[in-house]
Amino acid sequence: GFSWPKIKKTRDEYIQRLNGIYDRNLANSKVEKFVGKAVFVDAHTVQVGEEQITAEHIIIATGGTPRMPDIPGIEHAINSDGFFDLEDLPKKAVVVGAGYIAVEMAGILNALGSDVTLSIRHDSVLRSFDHTISENLM
């Protein structure tokens, strides 16, 4: 049968394995990785923390951090990073957003049996994607 803890454990192991693969591929390609907030100093130099790095080619992989709005009740909300920190599958959930992560989270929760409401500002989801996809999801 369905086991939320098993899904959580499997997902966490998968992400850890992927991160290891990415790190090994970078190391094998002799790519130096610097983790932190980067600020360009000039066309070939970035500052990461206290360190300045100069190179002919610089790749910035920004990643992303969900933003939580400053609204009453926000302490009862989680962001997409907290999804797999849930110890139990919620019986009901409201997912806020129209981007692919919100649509994906709503779909996963729904498929696993949660009663899900997707709350969006505009009239459709995935507005920057192909209209056929957006129209079929609505």
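Since we're looking at a predicted model, the values are computed, not measured.
Residue pairs meeting the side-chain hydrogen bond (donor to acceptor under 3.5 Å, both in side chains) criterion with at least one member in residues 67-86: none, sequence neighbours excluded. Residues in residues 91-111 take part in no side-chain hydrogen bond (donor to acceptor under 3.5 Å, both in side chains) pair, two or more places apart or across chains.
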Can E13 and R17 be said to form a salt bridge (charged side-chain N to carboxylate O under 4.0 Å, His left out), step by step?
CA-CA 6 Å; E13 290 170 353; R17 186 175 68 78; over 6 Å; no

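Residues H44 and E56 come closest through the heavy atom pair ND1-O, 3.2 Å. Of all heavy-atom pairs spanning A93 and L109, the tightest one is CB-CD1, 3.9 Å. Closest heavy-atom contact between L118 and G97: CD1-O, 3.3 Å.
Every residue two or more places apart in sequence or in another chain that forms a side-chain hydrogen bond (donor to acceptor under 3.5 Å, both in side chains) with T45 is listed here: D42, T54. Considering only residues two or more places apart in sequence or on other chains, S128 meets the side-chain hydrogen bond (donor to acceptor under 3.5 Å, both in side chains) condition with none of them. Shown here are the side-chain contact (heavy atoms from CB on, under 4.5 Å) partners of T117, two or more places apart in sequence or in another chain: V94.
Rounding to the nearest 0.5 angstrom, the gap separating the CE atom in M105 from the CD1 atom in I78 is 9.0 Å. Interatomic distance, I60 CD1 to F40 CZ, rounded to the nearest 0.5 Å: 4.5 Å. One finds the CD1 atom of I7 at 5.0 Å from the CG atom of L112 (value rounded to the nearest 0.5 Å).
Side-chain contact between I53 and V48 is present, with at least one heavy-atom pair separated by less than 4.5 Å.
With a 6.0 Å radius and a threshold of 12 heavy atoms from other residues, nucleotides or ligands, I74 has its CD1 atom above the threshold.
Between the side chain of Q47 and the backbone N or O of G49, at least one donor-acceptor pair lies under 3.5 Å.
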Just list the side-chain donor-acceptor pairs under 3.5 Å for residues 19-38, sequence neighbours left out, or say none.
unit_1 : atom_1 : unit_2 : atom_2 : d
N19    : ND2    : I15    : O      : 3.4
D23    : OD1    : K33    : NZ     : 2.6
R24    : NH1    : G20    : O      : 3.4
N28    : ND2    : R24    : O      : 3.3
S29    : OG     : N25    : O      : 2.9

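V96 and V125 fall into different hydrophobic clusters, where Ile, Leu, Val, Met, Phe, Trp and Tyr residues are linked whenever their side-chain heavy atoms come under 4.5 Å apart, directly or through other members. Note: the hydrophobic cluster containing V46 does not contain V39 (ILVMFWY, side chain heavy atoms under 4.5 Å, direct or indirect links).
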